[in-house]
Undergrad: 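Sharing a structure here in structure tokens format.
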Amino acid sequence: MKPICDILEQRVSTAMAEITADDSVLAAVVKPSQNPQFGDYQANGVMGLAKRLKANPRELAEKVVAKLDVADMCEPPEVAGPGFINFRLRADWLAARLLEAANDDRLGITPVAGPKTVVDFSGPNIAKQMHVGHLRSTIIGDVIARVLEFWYGNPNNVIRQNHIGDWGLQMGMLLAIEEELEKNKENLIRALKEDDSDYVEFVPLEKIEEAYKQANKRFNEDPEFAARARNLTYKLQSTKAGWAYTEWFGLRHLTLSECQRIYERMNVILRPENVRGESFYNDKLPDVIKALQENPNVDCHESDGAQCVFLEGFKNKDGESLPMIVQKSDGAYLYATTDLAAIRYRIDELHAKRVIYVTDLRQKLHFQMLFACVRQAGWAGEDVTLDHVPFGTVLGEDNKPFKTRSGENVKLKDLLDEAVTRARKVVEEKNPDLSDEEKQQVAQAVGIGAVKYADLSNDLVKDYVFSWDRMLSLEGNTAPYLQYAFARIRSIFRKGEVDEAKLLSDVKYLALTEPDELALAKRLLRYGEVVETVARDLRPHVLTTYLFELSQAFSGFYTNCPVLQAPPEVRPTRLMLCLLTARTISHGLGLLGIQTPQRL
RNA sequence: GUCCCCGUGGCGCAAUUGGAUAGCGCGUUGGCCUCCGGAGCCAAAGGUUACAGGUUCGAAUCCUGUCGGGGACGCCA
């Protein structure tokens with residue numbers, strides 16, 4: 001079934017087309033009503049049309065209503081205010097749709113064919129532990145991929161790409177340190193291999209990260225070291241046969257294994273085969289420069305020793321044309337170059353028709369220039385959509401970027417540990433009778449869920465303050481609240497010893513009469529249009545808001561409508577409402593990468 | 001200096017991107033429930049949507065300016 005909004009949109013615009021000769025686009029602009037007194041849905045488009053036709057909007061609306069065929073699903077529509085058309089859904093139609101949803105794995109949501117889409121997210125760096133700086137991109141990117149996979153009904157249509165930082169000077173610096181250590185047989189990377197043939201099992205990334213910081217310092221203070229680092233960078237990039245490449249490969253493998261563990265703990269779907277790091281594009285970079293220089297539509301030339309692309313409409317602080325540097329004066333390439341190579345690869349090799357970048361909003365200008373450049377170069381045609389999904393900063397209680405007391409970036413590993421520890425206390429309090437193992441599983445789901453939900457539940461472009469107390473609260477718009485709601489519904493089925501398969505096959509109609517039943521039913525049926533909105537606008541908080549409102553609607557229903565003690569003629573209907581609510585919460589949280597334990 | 005983003009009851013956030021009387025949670029006040037794990041429920045108080053203009057049937061949303069906060073702006077990503 002299509003979302004109700006879309007069904008009505010189509011019906012109303014058809015009616016609008018019948019009463020006007022104007023064949024330009026006729027948008028009915030159907031939206032859910034904010035206020036129940038105006039019905040369930042409203043069409044706002046007639047007022048816009050009236051303006052174009054210089055007609056009286058109310059009269060026009062009456063004409064549209066006369067042509068409108070919605071008797072199967074709605075009470076007779078009403079014209080109200082300056083020209084709104086209000087719709088109230090019929091209880092029997094709602095009931096039929098709910099049964100349809102209940103008997104469908106996709107909750108009655110029809111997949112919509114979409115473009116082949118690349119989602120670029122996470123992007124950690126080699127030799128560094130993942131930290132809060134990677135939190136949002138990783139969480140949000142995964143959600144976007146999950147939502148599009150579901151909405152398109154075809155997981156193969158969505159390609160996750162992890163554009164890791166695994167190349168460049170910082171690698172040379174680290175290799176320079178390693179070179180010194182090896183002289184003293186104290187080597188950093190190889191020591192791990194000797195300890196264990198599968199060095200993945202031992203990952204003192206902390207040690208490597210320390211060496212990395214040391215290398216940065218040395219690089220700035222010691223010219224001999226700096227020269228050696230540059231030389232090793234060159235060696236690394238010029239041949240796969242040498243020591244430098246081998247060491248680099250071990251380092252990379254080690255870091256990625258650690259990342260993989262983090263992704264799995266976070267319930268984020270991102271696998272080794274999704275990794276296309278900077279190194280992957282290395283041999284494609286010279287051709288990027290060449291292609292830009294030879295492209296008659298692109299102004300790419302040398303400036304102050306660097307190769308730059310100059311794009312119209314971009315100015316620097318002196319009001320001069322702002323260059324996008326694609327090759328430094330020393331011949332090295334930059335992230336703009338790799339991003340250009342990546343975008344070509346995604347369009348030409350992966351056949352992407354839509355590319356989505358999930359990064360913090362400080363990179364906005366970079367992506368504007370990048371997109372402008374590939375458009376101008378003709379590498380991305382009109383059939384390709386390029387999106388940057390920018391997000392704000394995670395702040396500490398002091399309203400400054402979230403750091404440890406000593407001013408370091410908070411490691412994701414530590415953050416996840418603390419989330420689970422704190423969630424364990426909540427579980428301990430709520431349900432002390434669970435087995436130790438189950439408590440730990442639940443704590444995992446609740447803790448990680450809380451962190452993710454807090455990140456997703458407000459507008460992406462805004463900063464938010466990281467607060468354990470708020471995100472782990474069982475009250476308000478949080479993951480634990482929804483997980484608890486789910487667990488409570490599951491407990492109804494346990495207590496009533498309900499055979500769900502039998503319920504589904506037995507129930508042939510739903511008797512929706514109570515206002516709370518109807519309100520819940522209508523809320524349940526809006527799930528499809530919510531998923532559609534998230535897929536279209538890439539705004540996950542629309543989904544969190546919906547799930548919270550759904551739970552509130554359920555609360556009202558549950559308070560006023562007994563389920564297990566209900567008389568036999570209404571009990572199946574109410575059980576079905578419970579079942580669908582639980583499934584919708586679970587499915588929605590699933591799209592957010594959050595698990596729903598049966599008990600909490 | 002230029003550009004971008006943000007500003008909504010005491011606090012935290014929404015408002016389906018121009019729709020009707022700006023909603024929700026926390027907190028506050030008063031009431032309700034001998035009931036499926038209170039995730040309670042109902043009611044009340046609390047708003048000039050930072051400010052000033054403008055656009056139109058209609059503005060938190062669009063335009064102009066001001067104030068406040070954050071960010072970006074040539075060899076980092």
Side-chain angles (χ1 to χ4, degrees), chain A residues 5 29 31-35 37-38 42 44 47-48 50-51 57-58 80-84 86 123 125 133 163 165 168-170 278 303-308 314-320 322-330 332 334-336 338-339 359-366 368 390 392-393 395 399 401 430-431 457-459 461-465 467 470 473-478 480-489 491-496 526 529-530 532-533 537 539 541-542 544-546 548-549 551-552 554-556 558-560 562-566 574 578 599-600:
Chain A
C5 261
V29 198
K31 316 267 186 199
S33 300
Q34 298 256 8
N35 189 329
Q37 82 177 91
F38 302 128
Q42 60 186 55
N44 305 332
M47 290 175 284
K51 185 185 280 186
R58 277 198 68 110
F84 297 100
N86 292 339
N125 298 306
H163 193 85
L169 188 56
Q170 67 274 30
E278 291 166 350
S303 166
D304 292 339
Q307 283 297 323
C308 303
F314 294 94
K315 297 260 164 45
N316 70 9
K317 54 187 159 190
D318 301 318
E320 295 154 358
L322 177 67
M324 179 166 73
I325 302 175
V326 290
Q327 189 172 23
K328 301 204 291 182
S329 46
D330 67 359
L334 300 96
Y335 74 134
T338 3
D339 272 338
T359 79
D360 70 285
L361 50 77
R362 286 174 304 193
Q363 296 191 47
K364 190 171 177 176
L365 181 61
H366 165 67
Q368 281 175 346
T393 309
L395 303 174
N399 265 315
K430 207 74 201 170
N431 208 342
S457 58
N458 57 24
D459 203 343
V461 300
K462 292 182 181 171
D463 299 345
Y464 73 92
V465 174
S467 161
R470 252 209 316 276
S473 171
L474 283 164
E475 292 179 345
N477 189 10
T478 68
Y481 170 89
L482 292 170
Q483 286 168 321
Y484 190 33
F486 174 81
R488 285 286 307 274
I489 300 173
S491 91
I492 297 169
F493 286 88
R494 277 196 300 273
K495 176 158 186 170
R526 283 178 52 180
E529 71 203 31
V530 167
E532 179 180 39
T533 301
D537 300 341
R539 296 189 310 159
H541 83 276
V542 172
T544 63
T545 302
Y546 168 80
F548 183 59
E549 285 168 354
S551 288
Q552 291 187 120
F554 185 82
S555 243
Y558 191 59
T559 302
N560 296 319
V563 178
L564 294 176
Q565 295 97 323
R574 293 187 178 170
C578 290
R599 294 167 214 268
L600 198 134

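Since the structure is predicted, the reported quantities are computational estimates derived from the model, not experimental observations. As a basis for the values below, the full set of heavy atoms in this structure was taken, side chains included, without hydrogen atoms, waters or symmetry mates. Chain letters run A, B, ... following the sequence lines, proteins first, then strands; residues in each count from 1.
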Undergrad: Regarding A/E532, tell me which of base, sugar-phosphate or nothing describes its non-hydrogen contacts under 4.0 Å with the strands shown.
TA: nothing
Undergrad: Hey, does A/N86 reach any base, or is it just sugar-phosphate, or nothing, if we go heavy atoms under 4.0 Å?
TA: base
Undergrad: A/F84 CZ to B/U21 C1': how many Å, rounded?
TA: 12 Å
Undergrad: Counting the atoms with a prime plus P, OP1 and OP2 as sugar-phosphate, which does A/Y558 contact under 4.0 Å by heavy atoms, base, sugar-phosphate, or nothing?
TA: base
Undergrad: Rounding to an integer number of Å, can you tell me how far A/L365 CG sits from B/C5 P?
TA: 12 Å
Undergrad: Whole angstroms only, please: what is the NE2-C1' distance between A/H366 and B/C75?
TA: 14 Å
Undergrad: Under 4.0 Å between any heavy atoms, over every strand shown, what does A/Q565 touch: base, sugar-phosphate, or nothing? Just pick one.
TA: base
Undergrad: Would you indicate what A/I325 reaches in the nucleic acid, counting non-hydrogen atoms under 4.0 angstrom: base, sugar-phosphate, or nothing?
TA: base
Undergrad: Would you mind calling B/U17 syn or anti? Take O4'-C1'-N9-C4 for purines or O4'-C1'-N1-C2 for pyrimidines, and syn is within 90° of 0.
TA: syn
Undergrad: Name the nucleic acid region contacted by A/R58, choosing base, sugar-phosphate or nothing; use a 4.0 angstrom heavy-atom cut-off, strictly under.
TA: nothing
Undergrad: Enumerate the protein-to-nucleotides 1-3 of chain B contacts in which both atoms are nitrogen or oxygen and the separation is below 3.5 Å.
TA:
none

Undergrad: In whole Å, I'd like the distance from the CG atom of A/D537 to the C1' atom of B/U16.
TA: 9 Å
Undergrad: Which part of the nucleic acid, if any, lies within contact of A/A332, taking any heavy atom under 4.0 Å across all strands shown: a base, the sugar-phosphate backbone alone, or nothing?
TA: nothing
Undergrad: Over all strands shown, is A/F314 touching base, sugar-phosphate only, or nothing at heavy-atom distances under 4.0 angstrom?
TA: nothing
Undergrad: Between B/A59 and B/A50, how far apart are the two P atoms, rounded to whole Å?
TA: 15 Å
Undergrad: Taking atom types as they are modelled, would you say the side chain of A/S555 forms a donor-acceptor pair with the base of B/G40 within the 3.5 Å cutoff?
TA: no
Undergrad: For A/R362, report the nucleic acid contact type (base, sugar-phosphate, nothing); a contact means any heavy atom under 4.0 Å.
TA: sugar-phosphate
Undergrad: Show each protein N/O and nucleotides 11-14 of chain B N/O combination with a separation under 3.5 Å, one pair to a line.
TA:
{"residue": "B/A14", "atom": "OP1", "partner": "A/D459", "partner atom": "N", "Å": "2.4"}
{"residue": "B/A14", "atom": "OP2", "partner": "A/K462", "partner atom": "NZ", "Å": "3.0"}
{"residue": "B/A14", "atom": "O3'", "partner": "A/H541", "partner atom": "NE2", "Å": "3.4"}

Undergrad: Tell me which of A/L564 and A/K51 sits closer to the 5' end of RNA chain B, going by the nucleotide each one is nearest to.
TA: A/L564
Undergrad: Using the P atom as the point on both nucleotides, what is the distance between B/G68 and B/U29, in whole Å?
TA: 38 Å
Undergrad: Assign A/S329 to base, sugar-phosphate, or nothing according to its heavy-atom contacts below 4.0 angstrom with the strands shown.
TA: base
Undergrad: Which is it for B/G74, anti or syn, if anything within 90° of zero counts as syn?
TA: syn
Undergrad: Mind checking A/L600 for me? I need base, sugar-phosphate or nothing, with any heavy atom below 4.0 Å counting as a touch.
TA: base
Undergrad: Answer with base, sugar-phosphate or nothing: what part of the nucleic acid does A/Q37 contact at a heavy-atom distance below 4.0 Å?
TA: base
Undergrad: Grab the CZ-P distance between A/R494 and B/G37 for me, whole Å please.
TA: 9 Å
Undergrad: For RNA chain B, write out the stems as range with range, using runs of 3 or more consecutive Watson-Crick or G-U pairs with both distances under 3.5 Å.
TA: B:1-7 with B:67-73, B:10-13 with B:23-26, B:28-32 with B:40-44, B:50-54 with B:62-66
Undergrad: At under 4.0 Å between heavy atoms, what does A/L334 touch on the DNA or RNA strands: base, sugar-phosphate, or nothing?
TA: sugar-phosphate
Undergrad: Give one of base, sugar-phosphate or nothing for A/V563, where a contact means two heavy atoms less than 4.0 Å apart.
TA: base
